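Beneath this line is the structure, given in structure tokens, with notes to follow.
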Amino acid sequence: MNNSPKIIISGGGTGGHIFPAVAIANALKRMVPTCEILFVGAIGRMEMEKVPAAGYKIIGLNISGIQRGSIIKNLALPLKVIGSVRKALQIINDFKPDAVVGVGGYASGPLLYASSLKGIPYLIQEQNSYAGVTNKWLGKKASKICVAFDEMDQFFPADRILKTGNPVRQQVVDIKGKHHAGAELLKLDPLKKTIMVTGGSLGAGTLNKAIEKHLPEIIAQDVQVIWQTGKYYYKGIMERLGPDYHSNVRILEFLNKMDLAYAAADVIISRAGAGTIAELCLIKKPVILVPSPNVAEDHQTKNAMALVKNAAAVLINDRSAEDTLVKAALELLNNKEQSEQLAENIGKMALPEADEIIANEVLKLINKDVRN
């Protein structure tokens, strides 16, 4: 029996892929402290900074996705794929992993394909309710596919699917008893109703336009706003509104203390990335989801609908959000019964301990099950 298993975790591109990957790695380290973990990412993507910051070694592949609207940029893609598969094979030969985990993102495809060529067992962690083309193809040879939504047998072999949920950053969802601390940190009144708006680290143009356009209505109802703009939009918004726009409005580029922001909020407005949804289910607060239209196969709408059909969230279409989002949020704030029902129903969809369940499945692949 191998007391020091070697595991490669591949993928990244966005926080939605990187945070679960690091959570799985941390769980593996808790279970088997002697295990060796290597990450494989895409050169130039955020995992090349975030993974070393989390304490893990990472190797980058020269791989990118299809560039929409640019034939010229896509001409080099086949060569990049071939080169990345070759490098992935070299990494496998050098590191000699016992198992491989793919979390999605550009690097995941070449690494998992190389693993299949070398006969290395691999696990796919599919975060979304709609699987992408690459994962559907790689799923045919996967030893296990860990998913977060129901009805995933339309994409993967049913006998290899395990519904685990998506791993989350535990420190982010630990909000119990932090409402007043959150309000204090953000210099808000803990007794006033508060809307939190988050478009992720980069920001969401539609959400920002909707809030900026309707700030007078929010202020007129004496409602507070925690407004995380994202780094692409922060400077422009601050230039237009100024740092002291109104005492009820907190404009932030990024939320470093996400748990305190969540705790201070009464209603949360968000995009519908799978990782964010996993956090929101554990937070158990009324949520309005505005799916991004700029993602493959419109998977954020499908993610959101999985909640909406269980009366666990409100969905606002991106096209209409600029005019309807704030009105819907204010109505929800003032509808105690609907707010309580949404909070209760979203909580029922929470799947805690996903990181440990997935880590255990990885260890099972290499006959190193420490829990059973």
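Computed from a predicted model, the values in this text were never measured in an experiment.
- Contact check on D259 versus R169 returns no salt bridge, with no Lys/Arg side-chain nitrogen under 4.0 Å from an Asp/Glu carboxylate oxygen.
- Counted within 6.0 Å of OH on Y113, heavy atoms from surrounding residues, nucleotides or ligands total 12 or fewer; the atom is thus considered open.
- Judged by distance alone, with hydrogens and angles left aside, the side-chain atoms of H17 form no donor-acceptor pair with the main-chain N or O of G11 at under 3.5 Å.
- From K178, atom NZ reaches atom CG of L185 across 11.0 Å, with rounding to the nearest 0.5 Å.
- By the neighbour-count criterion of 12 heavy atoms within 6.0 Å, atom CD of Q221 is densely surrounded, having more than that number from other residues, nucleotides or ligands.
- Counting only heavy atoms from C-beta outward, the side chains of P167 and I24 approach each other to under 4.5 Å.
- Cluster annotation: L255 is not connected to I211 through the hydrophobic network of ILVMFWY side chains, with a link wherever side-chain heavy atoms come within less than 4.5 Å.
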(message) What verdict does the side-chain contact (heavy atoms from CB on, under 4.5 Å) test give for M48 and I58, after you've listed the backbone C-alpha separation in whole Å, the side-chain angles of each residue and the deciding distance to 0.1 Å?
(response) CA-CA 7 Å; M48 302 307 293; I58 186 166; 3.8 Å; yes

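- Of the charged side-chain nitrogens involved, none lies within less than 4.0 Å of a carboxylate oxygen, so that D323 and K209 do not count as a salt-bridged pair.
- By the 4.5 Å heavy-atom criterion applied to side chains, N360 and M31 are counted as neighbours.
- Looking at T134 and L112, their side chains never come closer than 4.5 Å, going by heavy atoms from C-beta outward.
- Going from atom OG of S129 over to atom CG of D150 covers 10.5 Å, rounded to the nearest 0.5 Å.
- Between K118 and N93, the side chains place a donor N or O and an acceptor N or O closer than 3.5 Å (distance only, hydrogens not considered).
- By the 4.0 Å N-to-carboxylate-O rule, K284 lies too far from E344 to be salt-bridged with it.
- Between V101 and Y122 there is no side-chain heavy-atom pair separated by less than 4.5 Å.
- With a 4.5 Å cut-off on side-chain heavy atoms, K29 and Y56 count as touching.
- By the 4.0 Å N-to-carboxylate-O rule, E331 lies too far from K336 to be salt-bridged with it.
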(request) Evaluate the criterion salt bridge (charged side-chain N to carboxylate O under 4.0 Å, His left out) for residue pair D318 and R271; output intermediate values, then yes/no. (result) CA-CA 10 Å; D318 187 87; R271 287 301 200 191; 2.8 Å; yes

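- Residue L289 is not grouped with residue I195 when hydrophobic side chains (ILVMFWY) are merged at heavy-atom distances under 4.5 angstrom, including chains of intermediate members.
- The backbone N or O of R319 lies less than 3.5 Å from no partner atom in the side chain of E322, so there is not a single donor-acceptor pair.
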(request) Give the intermediate values and the outcome of salt bridge (charged side-chain N to carboxylate O under 4.0 Å, His left out) for residues E356 and R30. (result) CA-CA 9 Å; E356 296 204 353; R30 288 196 301 273; 3.3 Å; yes

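- Side chains of S320 and N317: a donor-acceptor N/O pair is absent below 3.5 angstrom, by distance only.
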(request) Might you work through the side-chain contact (heavy atoms from CB on, under 4.5 Å) test for V287 and L342, ending with a clear yes or no? (result) CA-CA 7 Å; V287 170; L342 286 169; over 6 Å; no

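- Looking at N166 and Q125, their side chains do bring a donor and an acceptor atom within 3.5 Å of each other.
- Just one of L252, L260, I269 meets the side chain to side chain contact (heavy atoms under 4.5 Å, CB included) condition when paired with I226; it is L252.
- Under 3.5 Å, the side chains of D355 and N26 contain no donor-acceptor pair of N or O atoms.
- When all heavy atoms of A107 and A42 are compared, the pair lying nearest together is CB-N, 3.9 Å.
- Nearest heavy atom pair, residue G139 against residue I145, reads O-CD1, 3.9 Å.
- Side-chain N/O atoms of E253 and Y233 include no donor and acceptor closer than 3.5 Å.
- Other residues, nucleotides and ligands contribute at most 12 non-hydrogen atoms within 6.0 Å of the CD atom of E49.
- In K136, the NZ atom is crowded: over 12 heavy atoms of neighbouring residues, nucleotides or ligands sit closer than 6.0 Å.
- A321 and A210 get closest at one heavy-atom pair: O-CB, 3.6 Å.
- With hydrogens and angles ignored, the 3.5 Å screen pairs no side-chain donor or acceptor of Q127 with any backbone N or O of A274.
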(request) Please report the C-alpha distance between K364 and E361 in whole Å, then the side-chain angles of each, then the deciding distance to 0.1 Å, and finally whether the salt bridge (charged side-chain N to carboxylate O under 4.0 Å, His left out) criterion is met. (result) CA-CA 5 Å; K364 280 182 182 180; E361 290 300 317; 3.3 Å; yes

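- In this structure, Q170 and D174 have side chains that are not in contact, with every pair of non-hydrogen atoms separated by 4.5 Å or more.
- Within a 6.0 Å radius of CZ in R86, other residues, nucleotides and ligands contribute 12 heavy atoms or fewer.
- Residues V85 and I43 do not share a hydrophobic cluster, defined by chaining ILVMFWY side chains whose heavy atoms lie under 4.5 Å apart.
- A 6.0 Å sphere centred on CD of Q171 holds more than 12 heavy atoms belonging to other residues, nucleotides or ligands.
- A heavy-atom distance below 4.5 Å is not found between the side chains of L280 and K285.
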(request) Before giving the answer on salt bridge (charged side-chain N to carboxylate O under 4.0 Å, His left out), spell out for D266 and K192 the whole-Å C-alpha distance, their side-chain angles and the decisive distance to 0.1 Å. (result) CA-CA 9 Å; D266 296 293; K192 287 185 180 181; over 6 Å; no

(message) Run N310 and K348 through side chain to side chain donor-acceptor pair (under 3.5 Å) and show every step you take.
(response) CA-CA 9 Å; N310 286 294; K348 289 175 183 174; over 6 Å; no

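- Side-chain N or O atoms of N335 include one that pairs as donor or acceptor with a backbone N or O of Q338 at under 3.5 Å.
- Taking 4.5 Å as the limit, every side-chain heavy atom of L241 sits out of range of all side-chain heavy atoms of V249.
- No more than 12 heavy atoms of other residues, nucleotides or ligands shown are found within 6.0 angstrom of NZ on K231.
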(request) List the steps, then state whether side-chain contact (heavy atoms from CB on, under 4.5 Å) holds for D98 with I7. (result) CA-CA 6 Å; D98 298 294; I7 298 150; 5.7 Å; no

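- For the pair K6 and F95, the cation sits on the ring face: its NZ or CZ lies under 6.0 Å from the ring centre, inside 45° of the axis.
- Atom OH of Y232 has 12 or fewer neighbouring heavy atoms from other residues, nucleotides or ligands inside a 6.0 Å radius.
- Of all heavy-atom pairs spanning G273 and N303, the tightest one is C-ND2, 4.1 Å.
- In terms of modelled atom types and a separation under 3.5 Å, the side chain of R250 and the main chain of L186 share a donor-acceptor contact.
- Considering OG1 of T198 and CD1 of I268, their distance stands at 9.5 Å, rounded to 0.5 Å.
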(request) Under the side-chain contact (heavy atoms from CB on, under 4.5 Å) rule, what do V225 and T194 come out as? Steps first, then yes or no, please. (result) CA-CA 6 Å; V225 186; T194 303; over 6 Å; no

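- There is no path of hydrophobic side-chain contacts, each under 4.5 Å, that joins V147 to I277.
- Residues L111 and A88 share a closest heavy-atom pair of CD2-CB, 3.6 Å.
- H246 approaches I219 most closely through the heavy-atom pair NE2-CG2, 3.3 Å.
- You'll find the ring centres of F155 and Y130 inside the 6.0 Å limit.
- Using a 4.5 Å cut-off between side-chain heavy atoms of Ile, Leu, Val, Met, Phe, Trp and Tyr, with links allowed through other members, L307 and V267 fall into different hydrophobic clusters.
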